[in-house]
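Some notes on the structure that comes next.
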Amino acid sequence: MGKIINLDNFDGDPPDVLTGTGSGGLLSAGYLHDGPALGAVDDDETAQFALTSRKHGIEIGTSESGETVRPGSNYRMIGIVTDKRFLLLVGDDDGDTRFAIPHVDIDQISGDRSLGHGRITFRRCGDTEWQVHCGKQGLVDLTAYLSHASQAWVRVENILDEVKRLLVTATEQRDRGDHEQALETVLEAGDRLDAAGETATEFGPPGDANALEGRVTTVRERHVATLAEVRRSRARRAVDTGERHWRENEFEAAYDAYEAARAEYDELFSLPTEAVTDLPDIRAERDRLDTVIEDLEQSPLRTAVAADNEAVAAEDPAVAADHWAEALEAYRDVLELDWGADERRFAGDPEKVRDRLGAVAENLVAARRTVATDAMEAGDWYADASQPARRRVSGVRDGASGVRNCAGGRQRLLSGRHRPPESGTGCRGTATLADGGQTRWRTRRRGRPIPFSISERSVVSVGDGERSSAVVMSRLDGEPVDVDDRFDETGTTPDLDITTADERSPSPTDTTDLSDIENGIDGTDPKIDSTGHSGS
């Protein structure tokens with residue numbers, strides 16, 4: 001005669017059938033020979049049902065080719081259904097026989113009470129048929145639980161197999177640099193894993209952990225580790241992108257890339273930390289990134305102030321003009337950064353920078369004018385020395401064009417147009433032919449006007465770059481000489497009233513205190529290499 005015990009309904013200590021051992025006597029049945037049945041239950045599983053049979057035991061396979069395992073005299077067959085598997089233990093003097101059938105291997109479960117006792121029939125892995133004899137009372141509940149457990153485990157294991165395949169694919173995609181697809185794949189694996197978790201939770205008793213949830217947890221740890229690796233790779237790639245933009249002075253793009261890297265690290269740190277490997281190294285990378293972003297925030301203003309200071313310190317007006325031009329462009333970049341944004345990310349008070357930009361424009365105009373005046377003095381010297389009629393006066397065109405363009409740029413800045421003019425119209429030291437290929441200026445030599453013209457053909461190659469030169473056509477008596485009839489009808493630009501100085505003009509010296517601007521700059525040179533890694 002057999003029994004079925006629903007352990008969920010059993011209060012107090014476990015029943016004797018699970019804890020007893022040894023053979024029975026005339027008035028009592030024994031248990032198992034080697035040890036109590038409860039000893040076969042692992043710590044990560046929970047017993048749900050216990051069933052016994054004193055005579056019939058277990059039948060495996062068909063009656064013609066099968067095997068029957070019956071308990072020995074004064075022993076029992078004891079079965080334990082846990083939330084993980086079906087344990088079958090058959091006692092005998094020669095030692096107990098044990099079978100463990102995972103729920104995922106159980107299929108086609110049915111119960112039969114027509115034999116005067118109960119019997120459970122199922123197929124293992126869709127092939128071998130098993131028949132387990134037991135009691136009648138509680139057979140329906142037992143078979144229902146086995147059916148539910150089998151379906152839940154099969155569903156979860158199928159999902160987990162799919163998740164593991166996706167994780168392998170995500171790792172391969174990351175290794176070949178396909179970071180976007182790697183993230184999509186690992187996130188898809190996470191969605192599938194969540195579905196498996198829901199099934200596992202529904203399978204177990206409310207509020208209690210179960211073996212199926214533990215199985216999902218094991219794969220989830222692998223998923224978290226893979227997701228962390230993908231996030232870290234994406235963060236490193238974003239840092240490399242930011243460094244590349246920074247080196248090309250694309251400050252906003254660099255900041256966006258670094259922010260993307262920071263977001264990846266934040267997502268990584270939101271994961272369960274116990275499943276993330278190399279966590280201290282990852283935190284160090286994140287801390288270095290914060291330092292790099294701080295340097296980037298100050299880098300544009302630091303560049304502008306450095307050029308500004310070099311211009312102030314320069315003694316040669318041409319060198320000073322070059323530095324003023326660099327400072328002008330750098331200050332313009334500072335103002336353009338985050339244009340229209342509610343919050344500025346880069347250092348530099350806009351009002352203070354705008355004021356300094358106006359001063360720099362004035363200094364650049366003065367420097368260009370000094371260069372042009374010095375060049376005209378050289379031209380006068382050649383004329384007085386009775387040199388040939390065609391003279392090359394280097395820098396006249398550059399200086400005059402710089403005066404014209406920078407004066408216009410300064411006027412736009414001071415008139416309220418805070419956004420600097422488009423590139424190509426600033427003070428760059430190369431003149432723009434604004435009137436059909438010919439530009440005319442009028443200067444004075446010893447109080448008398450000297451007409452001259454600059455044609456498009458006067459641009460020549462000097463040193464390692466292009467530089468404008470003026471061919472000054474004049475006579476010592478001051479009479480105009482037309483060198484090319486093609487330019488007779490060409491209009492002239494307004495006179496800039498460039499006068500000849502008695503002495504060589506000094507470099508403009510700006511004594512403006514830049515402390516208000518420089519106070520917003522911490523540190524020294526930018527640290528572009530943020531993490532010290534080579535990317536992955």
Side-chain angles (χ1 to χ4, degrees), residues 179-180 183 231 234-270 285-308 325-361 408-427 514-531:
H179 296 85
E180 296 297 331
L183 180 60
R231 291 286 189 192
R234 287 169 57 85
R236 287 178 164 183
R237 184 192 61 166
V239 168
D240 291 341
T241 300
E243 178 181 336
R244 184 171 62 253
H245 284 306
W246 190 348
R247 293 188 184 279
E248 296 173 357
N249 289 332
E250 298 170 353
F251 299 112
E252 289 172 309
Y255 203 109
D256 291 340
Y258 287 141
E259 281 289 284
R262 186 150 56 183
E264 292 293 344
Y265 281 121
D266 290 344
E267 289 288 344
L268 193 157
F269 291 136
S270 69
E285 289 179 13
R286 176 63 165 78
D287 292 341
R288 286 196 296 269
L289 176 60
D290 288 339
T291 301
V292 169
I293 292 177
E294 292 176 0
D295 289 339
L296 175 62
E297 290 171 350
Q298 301 173 25
S299 178
L301 184 60
R302 182 187 293 116
T303 300
V305 171
D308 200 341
E326 293 174 5
L328 183 71
E329 188 66 24
Y331 281 128
R332 284 171 45 156
D333 289 341
V334 172
L335 285 180
E336 285 184 346
L337 292 172
D338 291 332
W339 184 262
D342 294 335
E343 295 183 3
R344 288 179 59 84
R345 299 176 294 182
F346 296 89
D349 179 85
E351 291 300 325
K352 293 179 180 179
V353 172
R354 192 175 293 111
D355 291 343
R356 185 59 191 164
L357 183 59
V360 168
R410 178 180 178 276
Q411 183 62 33
R412 283 190 294 272
L413 286 168
L414 299 180
S415 64
R417 286 185 56 191
H418 299 156
R419 189 172 181 84
E422 296 296 326
S423 60
T425 63
C427 312
L514 299 182
S515 60
D516 285 347
I517 294 178
E518 291 177 313
N519 284 342
I521 302 177
D522 298 326
T524 53
D525 295 334
K527 302 177 182 63
I528 294 179
D529 187 5
S530 58
T531 62

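Source: prediction; values computed, not measured.
A 4.5 Å side-chain heavy-atom check between W246 and Y255 finds every atom pair outside the cut-off. Here the side chains of L289 and E285 are not in contact, with every heavy-atom distance at 4.5 Å or above. The shortest side-chain heavy-atom distance between H245 and F251 does not fall under the 4.5 Å cut-off. Contact of the E180 side chain with the R234 side chain is registered, since non-hydrogen atoms from C-beta on lie closer than 4.5 Å. Taking 4.5 Å as the limit, every side-chain heavy atom of R231 sits out of range of all side-chain heavy atoms of Y265.
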Please lay out, stage by stage, how L357 and K352 fare under the test side-chain contact (heavy atoms from CB on, under 4.5 Å).
-> CA-CA 9 Å; L357 183 59; K352 293 179 180 179; over 6 Å; no
Could you walk me through whether V239 and R288 pass the side-chain contact (heavy atoms from CB on, under 4.5 Å) check?
-> CA-CA 11 Å; V239 168; R288 286 196 296 269; over 6 Å; no
When you look at D266 and R286, which way does the salt bridge (Lys or Arg N to Asp or Glu O under 4.0 Å) test go after all the steps?
-> CA-CA 9 Å; D266 290 344; R286 176 63 165 78; 3.1 Å; yes
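Between G348 and L301, the closest heavy-atom pair is CA-CD2, 3.7 Å. Taking each heavy atom of A347 and R344 in turn, the nearest pair found is O-NH2, 4.1 Å. In terms of heavy-atom proximity, A254 sits nearest to G242 at CB-O, 3.3 Å. Between A235 and A261, the shortest heavy-atom distance links the atoms O-CB, 3.5 Å.
Put simply, CG on D295 and CG on D290 are 11.0 Å apart, with the number rounded to the nearest 0.5 Å. Between atom CZ of residue R345 and atom CD of residue E252 there is a gap of 6.0 Å, rounded to the nearest 0.5 Å. From R302, atom CZ reaches atom CG of L296 across 9.5 Å, with rounding to the nearest 0.5 Å. Interatomic distance, T241 OG1 to E250 CD, rounded to the nearest 0.5 Å: 11.0 Å. With rounding to the nearest 0.5 angstrom, the CZ atom of F346 is 10.5 Å from the CG atom of D333. Taking CG from D308 and OH from Y331, the interatomic distance works out to 3.5 Å, rounded to the nearest 0.5 Å.
A salt bridge links E243 with R247: the closest approach of a Lys/Arg side-chain nitrogen to an acidic carboxylate oxygen falls below 4.0 angstrom.
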